[in-house]
**Q** 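Please find one structure pasted underneath; my questions will follow.
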Amino acid sequence: LSATAATRRATWQEHMTLGPGDILSIALFQMPDTLRKDVPVGPDGRVDFLQAREVMASGLTIDELRNKLDQALSTYYQNPRTIVTPTAYRSKKYYLLGATVGRGVYPLDRPLTVVEALARAGGLETGMYDRTTVELADLSHSFLVRNGKHMPVDFERLFQRGELSQNVLLEPDDYIYFAFA
């Protein structure tokens, strides 16, 4: 038997934070009747739960928000223990443009690779040439930009040779462009 090392998560996944548009379910542990589903993180980054009003959630992890809510509610409840469950992450996004079927902005709601992002967008655009269907993307001029810098992803090696070492995990605000041929 052999054990394989666990895949290391991207830095942003190790410390997943909340942002405007994320949806939460919140309740007090010993009081199930306090359950509030579909609590949005507002555009200003704040949430409301029971007497805890305008608690800043943006930029916090689930555990950090739980602690803030417990502190805010401790004036009204003896030893409150808040349960915070993320229902939907909508604040993290990536951009997919160029020669793809579905161009646009997509939510980064789970760990996602380049291949999965392209599949989510419906794949590369195709056209007809000499009665044959051909992809309209120029993979040699396609690129991934992260934090304003081109990432060393070789799309030709990934899509034409199947080299999965090029199938990187996406991070929030990644910009993927598939150049037109």
**Q** Do any N or O atoms from the side chain of Q166 and from the backbone of D154 form a donor-acceptor pair under 3.5 angstrom?
**A**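 At least one qualifying donor-acceptor pair exists.
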**Q** Report yes if the side chains of D22 and P86 come closer than 4.5 Å at any heavy-atom pair, otherwise no.
**A**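 Not touching, per the 4.5 Å side-chain cut-off.
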**Q** State whether the number of non-hydrogen atoms from other residues, nucleotides or ligands found under 6.0 Å of D63 atom CG is greater than 12.
**A**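 Count over threshold, so yes.
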**Q** With sequence neighbours left out, what residues match D33 under side chain to side chain contact (heavy atoms under 4.5 Å, CB included)?
**A**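 If we apply the side chain to side chain contact (heavy atoms under 4.5 Å, CB included) test to D33, skipping adjacent residues, the hits are M31.
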**Q** Name every donor-acceptor pair, under 3.5 Å, that has one atom in a side chain of residues 74-83 and the other anywhere in the protein, sequence neighbours excluded.
**A**
residue : atom : partner : partner atom : Å
S74     : OG   : Q71     : O            : 2.7
Y77     : OH   : Q51     : OE1          : 3.1
T82     : OG1  : D70     : OD1          : 2.4

**Q** When you group the ILVMFWY residues by side-chain heavy-atom contacts below 4.5 Å and let the links chain together, are I23 and I62 in the same group?
**A**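 I62 and I23: separate clusters.
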**Q** In chain order, what residues pass the side chain to side chain contact (heavy atoms under 4.5 Å, CB included) check against A52, with sequence neighbours excluded?
**A**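 Once residues adjacent in sequence are excluded, the partners of A52 under the side chain to side chain contact (heavy atoms under 4.5 Å, CB included) criterion are V55, L69, A72, L73.
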**Q** Donor-acceptor pair, distance only, cut-off 3.5 Å: does the side chain of D109 make one with the backbone of Y89?
**A**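 Not confirmed, D109 side chain does not pair with Y89 backbone.
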**Q** Compare every heavy atom of L139 with every heavy atom of F159, then report the nearest pair and how far apart it is.
**A**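 Of all heavy-atom pairs spanning F159 and L139, the closest is CB-CD1, 3.8 Å.
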**Q** Identify the two heavy atoms, one from K93 and one from R90, that lie closest to each other, and give their separation to 0.1 Å.
**A**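 Result for this residue pair: NZ-O, 2.5 Å.
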**Q** Minimum heavy-atom separation for L158 to V114, with atom names?
**A**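 What the structure gives for the nearest pair is CD2-CG1, 4.0 Å.
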**Q** Are V168 and M151 side-chain neighbours, meaning at least one heavy-atom pair lies under 4.5 Å?
**A**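 V168 does not reach M151 side chain to side chain.
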**Q** Could you pull out every donor-acceptor pair under 3.5 Å between side chains of residues 41-48 and any protein atom, sequence neighbours left out?
**A**
residue : atom : partner : partner atom : Å
D44     : OD1  : R46     : N            : 3.1
R46     : NH1  : E54     : O            : 3.2
D48     : OD1  : E54     : N            : 2.5

**Q** Does T100 use its side chain to pair, donor to acceptor, with the backbone of A121 at less than 3.5 Å?
**A**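 Side chain of T100 to backbone of A121: no pair is present.
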**Q** Would you mind reporting whether V84 and V39 have side-chain heavy atoms less than 4.5 Å apart?
**A**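 In short, these two side chains do not touch, never coming nearer than 4.5 Å.
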**Q** Using every non-hydrogen atom in the two residues, find where S91 and P20 come nearest and quote the distance to one decimal.
**A**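 Shortest heavy-atom contact: CB-O, 3.2 Å.
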**Q** Honestly curious: do V145 and V105 fall in one hydrophobic cluster under the side-chain, below-4.5 Å linking rule?
**A**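 Yes: a chain of side-chain contacts under 4.5 Å links V145 to V105.
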**Q** Does Y94 have any ring-ring contact (aromatic ring centres under 6.0 Å, His included) partners at least two apart in sequence or in another chain, and if so, which?
**A**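 Scan of Y94 (ring-ring contact (aromatic ring centres under 6.0 Å, His included), adjacent residues dropped) gives Y106.
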**Q** Under a 3.5 Å distance rule, please check whether K92 uses its side chain to pair with a backbone N or O of T17 as donor and acceptor.
**A**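 Side chain of K92 to backbone of T17: a pair is present.
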**Q** Identify the two heavy atoms, one from L124 and one from V101, that lie closest to each other, and give their separation to 0.1 Å.
**A**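 Scanning both residues, the minimum pair turns out to be O-CG2, 3.8 Å.
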**Q** Pairs of donor and acceptor atoms involving the side chains of residues 172-181, under 3.5 Å and at least two apart or interchain, shall be tabulated with distances.
**A**
residue : atom : partner : partner atom : Å
D174    : OD1  : R146    : NE           : 2.9
D174    : OD2  : R146    : NE           : 3.2
D174    : OD2  : R146    : NH2          : 2.7
D174    : OD2  : E171    : N            : 2.9

**Q** Once rounded to the nearest 0.5 Å, what's the spacing between atom CZ of F49 and atom CG of L28?
**A**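 Atom-to-atom, F49:CZ and L28:CG are 4.5 Å apart.
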**Q** Give, for atom OG1 of T113 and atom CG of N167, the distance between the pair rounded to the nearest 0.5 Å.
**A**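 One finds 3.5 Å between OG1 of T113 and CG of N167.
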**Q** Main chain of E64, side chain of N67: is a donor-acceptor contact present, judged purely on distance under 3.5 Å?
**A**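 Flag not set: sc N67 to bb E64 has no pair under 3.5 Å.
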**Q** Return the minimal non-hydrogen interatomic distance between L97 and G104, and the atom names on each side.
**A**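 So the two residues come closest at CD2-N, 3.9 Å.
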**Q** Report whether Y95 and L170 are members of the same hydrophobic cluster (ILVMFWY, side-chain heavy atoms less than 4.5 Å apart, transitive linking).
**A**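 The answer is no; the residues belong to distinct hydrophobic clusters.
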